[in-house]
Amino acid sequence: MAKKNIGRSFNIFPMPVVIVGTVTDGKPNFMTAAWVTKLNTEPPLLGLSLGRRQHTAKGIEQTGEFSLSYPTIDDVVLTDYLGLVHGYEEDKAAHVEIFEGALAHAPMVRRCPVTLECRLVQKVELPKDYLFIGEVVNVYASESVLTDGKVDVLKLRPFVLTMPSNTYWALGEPVGEAWSAGRALLKTAEGSDS
Ligand SMILES: Cc1cc2nc3c(=O)[nH]c(=O)nc-3n(C[C@H](O)[C@H](O)[C@H](O)COP(=O)(O)O)c2cc1C
């Protein structure tokens, strides 16, 4: 198969779409983020890459706390809006019914079925952006998206982002079982994990 070098600007795809909640200059603020990933199992750590101009970055620096809320496909418009304007330009929180957990400075979006509150562990200064590493303190989920006590992605109905097309997508069909489908190629007997 012929390959073409298409440069080095690359967007991992697809990306999760979440809403980050903070208290900045004493007021709740929400922004959309997609550069988010799990970093560590125990303690549960996640990484959030934010532009230095984000009002959200200022809030995390001020309070050491933030939240993540997972919107459903019903909330594409609200989610996109929260990524279009800065909190120092508009009171975006006026569009959000807030749910408060244990932390005082991690406002969450009540209509999002899964929300996490996080405490800042470390801020890494990257050449252009900040990487905020947060420890998940609590995860809250609506009963409606749980199956056997765990978040059921089919019930959650999240959406993802692809760039550079700048498109939101619902999830498609499952295509295989993880940590299982590959067993068809294992030389060793069942149970090998090397
Ligand atoms: C789908 C989407 C994903 C985004 N992901 C990020 C991101 O991961 N990091 C970031 O700094 N900005 C991201 N943005 C841009 C911010 O949401 C936007 O600049 C916002 O106005 C910042 O709000 P704030 O200044 O109130 O924090 C994203 C925007 C959209 C629409």
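Whatever order the structure lists them in is the order used to number ligands and atoms, beginning at 1.
Ionic pairing of Asp91 and Lys27 is not present here: no N-O contact between side-chain nitrogen and carboxylate oxygen is shorter than 4.0 angstrom. Checked for salt-bridge contact, Arg111 and Glu97 miss the test: no charged N lies under 4.0 Å from a carboxylate O. Of the charged side-chain nitrogens involved, none lies within less than 4.0 Å of a carboxylate oxygen, so that Arg52 and Asp129 do not count as a salt-bridged pair.
Considering backbone and side-chain atoms together, Asp80 places no N or O closer than 3.5 Å to any N or O of ligand 1. Checked by distance only, ligand 1 and Val85 come closer than 3.5 Å through their nitrogen or oxygen atoms. Looking at Tyr88 next to ligand 1, no N or O pair under 3.5 Å apart turns up. Annotation: Leu161 places no N or O atom under 3.5 Å from an N or O atom of ligand 1; distance criterion only. Checked by distance only, ligand 1 and Met31 stay at 3.5 Å or farther apart across all their nitrogen or oxygen atoms. Checked by distance only, ligand 1 and Gly51 come closer than 3.5 Å through their nitrogen or oxygen atoms.
Relative orientation of the Tyr130 and Phe132 rings is perpendicular, given thresholds of 30° and 60° on the angle between their planes.
Those atoms of ligand 1 that come under 4.0 Å of a heavy atom in Gly87, given as number and element, are 24 (P), 25 (O), 26 (O). Near His55, the atoms of ligand 1 lying under 4.0 angstrom from a non-hydrogen atom of the residue are 24 (P), 25 (O), 26 (O), 27 (O). Counting atoms of ligand 1 from 1 in the listed order, those under 4.0 Å from a heavy atom of Trp35 are 8 (O).
The backbone N or O of Glu117 lies less than 3.5 Å from no partner atom in the side chain of Ser67, so there is not a single donor-acceptor pair. Listed for the Thr167 side chain is a donor-acceptor partner under 3.5 Å among the backbone atoms of Ser165. Remark: the backbone N or O of Thr24 is not paired with any side-chain donor or acceptor of Gln62 at under 3.5 angstrom.
Looking at Asn29 against ligand 1, only its side chain comes within 4.0 Å, counting heavy atoms. By the criterion of a heavy-atom distance under 4.0 Å, the side chain of Lys92, and not its backbone, is placed next to ligand 1. Residue contacts with ligand 1 for Ala57 are absent, since no atom lies close enough (heavy atoms, distance under 4.0 Å).
For Thr32, the heavy-atom gap to ligand 1 drops under 4.0 angstrom.
Annotation: side chain of Arg110 is not in contact with side chain of Ile98 (no heavy-atom distance under 4.5 Å).
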